[in-house]
There are 2 protein chains.
Amino acid sequence: MIKKKKDIRREFIIGEAAKLFKQKGYGGTSMRDLAEQVGLDAASMYHYIKSKDEILQGICFDIANTYVSQLTEIENATQSYSQKLKALVRLHIHLMTTKGPEVSVANNEWKSLSADALTEFKSLRSQYEKRLAALIEAGAEAGEFQQVNTSVALFTLLSAIRWVELWWKPDRGIATEELENSILTILFQGLERK
Amino acid sequence: MIKKKKDIRREFIIGEAAKLFKQKGYGGTSMRDLAEQVGLDAASMYHYIKSKDEILQGICFDIANTYVSQLTEIENATQSYSQKLKALVRLHIHLMTTKGPEVSVANNEWKSLSADALTEFKSLRSQYEKRLAALIEAGAEAGEFQQVNTSVALFTLLSAIRWVELWWKPDRGIATEELENSILTILFQGLERK
DNA sequence: TAAAAATTCAAACGAACATTTGATTTATTT
DNA sequence: AAATAAATCAAATGTTCGTTTGAATTTTTA
């Protein structure tokens, strides 16, 4: 028996929690709301999870770890910096279209983490940003990028794709491939026609 | 007497509320937190404001109206579409550096508006986006922009600058002028060097 | 300076919250 | 079928929330 029924239930609860947290925020979602969503009494959920905060931690750190391991892979690949950066942006977009609610929560609700978790989460994010900034810096020195402030470039890239998590739906009539290509065109070639 | 002392106090309370809402979220900020911040007992604040929700409404609609009137001005100006779009992006950035907390709240906490206000706010935002999309569409038809999906271009532009509201501080060592120029370079010329 | 108005807060309200307890029901194992 | 374990929930705990009340204090007005 690889996965226990209890674990499956637990993961289901966390998944439903991600949807609700995205929809109404962490503070705006009560354990009773969540219980109703999963079809249990609030008290019963505590058979599967330890606390509301533990759920949020699960979501946030799962996403954070995914981002970090993806970045590591890209760092170790042999490509131009431009290709690396584009690949990373693609991965960000892809994660949003496949794990929308979780990414949304990790991006917007991490402030509600308990003190300890909050510290660690911020540290993880800060490390991630530093490594990404190094990639941009190296690319700029290699002459592949425009000469703009590294922080500005870093945050503009990361921020530019954040809307996808709110907007994209499978039935929106735009394939993820086209979505990625359009965004990459704007960010790397510019919106203005030359 | 143009402005009553009571109004000034009221505006001070709302301003402090914006800072706290940005910092801890609307749901995460209690009226007792806010009272402490402004140096009053929670009960005393109700002499100046009607409810917590009214504060949030004040902040959100003030910002929304600012955006709308700025867009109207730009629509009526005689410039190329590219210049219009750039001017609008500059105004967005500028508003974030001058009214950071309020913009942050209008962008992130509007979900907590009461049902009626929520409906109106969403409607305002939707109208704004439609008018902005029309600008992009027209510019694309005039051959000024790359041929990318209009919605993608719209949201990518609006989203790309959202980080400024979280990151920018007067003491960050980057002038708003340089900030605006760097962002405009990336968005309109592209990060990649040609 | 006396009357009126504006401002403050101590105390309390009912509602909603996350979580615990302890008992009961259901499923699994022997 | 008996014994054991897993799953469920009714009820209650203590806390925090937004807001109201009513009385006290301070400021302004006459």
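In what follows, every chain begins at residue 1, and chains take the letters A, B, ... in the order their sequences are listed.
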- request: May I ask you to verify if any side-chain N or O of S44(B) is less than 4.0 angstrom from the OP1 or OP2 atom of dT7(C)?
  value: no
query: So R162(A) and N108(A), side-chain contact (heavy atoms from CB on, under 4.5 Å) or not? Walk me through it.
result: CA-CA 10 Å; R162(A) 287 274 304 270; N108(A) 302 306; 2.9 Å; yes
task: Send over the distance from K6(B) NZ to dT8(C) P, rounded to a whole Å.
output: 10 Å
message: If I take atom CZ in residue R10(A) and atom P in nucleotide dA6(D), what distance separates them, rounded to the nearest angstrom?
response: 17 Å
List the atom pairs, with distances to 0.1 Å, where a side-chain N or O of residues 35-47 of chain B and a protein N or O form a donor-acceptor pair under 3.5 Å, not counting sequence neighbours.
unit_1 : atom_1 : unit_2 : atom_2 : d
Q37(B) : NE2    : E16(B) : OE1    : 2.8
D41(B) : OD1    : A43(B) : N      : 3.3

message: Taking side-chain contact (heavy atoms from CB on, under 4.5 Å) as the criterion, tell me which of M96(B), H94(B), E102(B) meets it with T98(B).
response: H94(B)
task: Could you pull out all residues at least two apart from N181(B) that satisfy side chain to side chain donor-acceptor pair (under 3.5 Å)?
output: R90(B)
- request: Using side-chain contact (heavy atoms from CB on, under 4.5 Å) as the criterion, point out the one residue from L91(A), L88(A), N76(A), T66(A) that pairs with L71(A).
  value: L88(A)
message: Which residues pass the side-chain contact (heavy atoms from CB on, under 4.5 Å) test with Q83(B), not counting sequence neighbours?
response: Q79(B), S80(B)
- prompt: Which nucleotides of nucleotides 13-20 of chain C have their base under 4.0 Å from a protein heavy atom (B), which only their sugar-phosphate (S), and which neither (-), written as one string 5' to 3'?
  reply: ----BBBB
- prompt: Which residue pairs pass the ring-ring contact (aromatic ring centres under 6.0 Å, His included) test with at least one member in residues 12-33 of chain A, sequence neighbours excluded?
  reply: F21(A)-Y26(A)
- request: Could you state the atom-to-atom distance from CG of D41(B) to C1' of dT25(D) in whole Å?
  value: 14 Å
Check nucleotides 22-28 of chain C for protein N or O atoms closer than 3.5 Å to its own N or O atoms and list the pairs.
unit_1  : atom_1 : unit_2 : atom_2 : d
dT28(C) : OP1    : K5(A)  : NZ     : 3.4

message: Keeping Q189(B) on the side-chain end and T185(B) on the backbone end, is there a donor-acceptor pair under 3.5 Å?
response: no
query: Taking only N and O in the side chain of R9(B), is any of them less than 4.0 Å away from OP1 or OP2 of dT8(C)?
result: yes
- prompt: Taking atom P of dA6(C) as reference, at what distance in whole Å does atom CD1 of I8(B) sit?
  reply: 16 Å
field: d(CD, E36(A); P, dT8(D)) in whole Å
entry: 17 Å
dT8(D) OP1/OP2 closer than 4.0 Å to side-chain N/O of H47(A): no
- prompt: Given atom CG of L40(A) and atom P of dA7(D), what is their separation to the nearest angstrom?
  reply: 11 Å
task: Calculate, to the nearest 0.5 Å, the distance between atoms OG and CG belonging to S182(A) and L191(A) respectively.
output: 11.0 Å
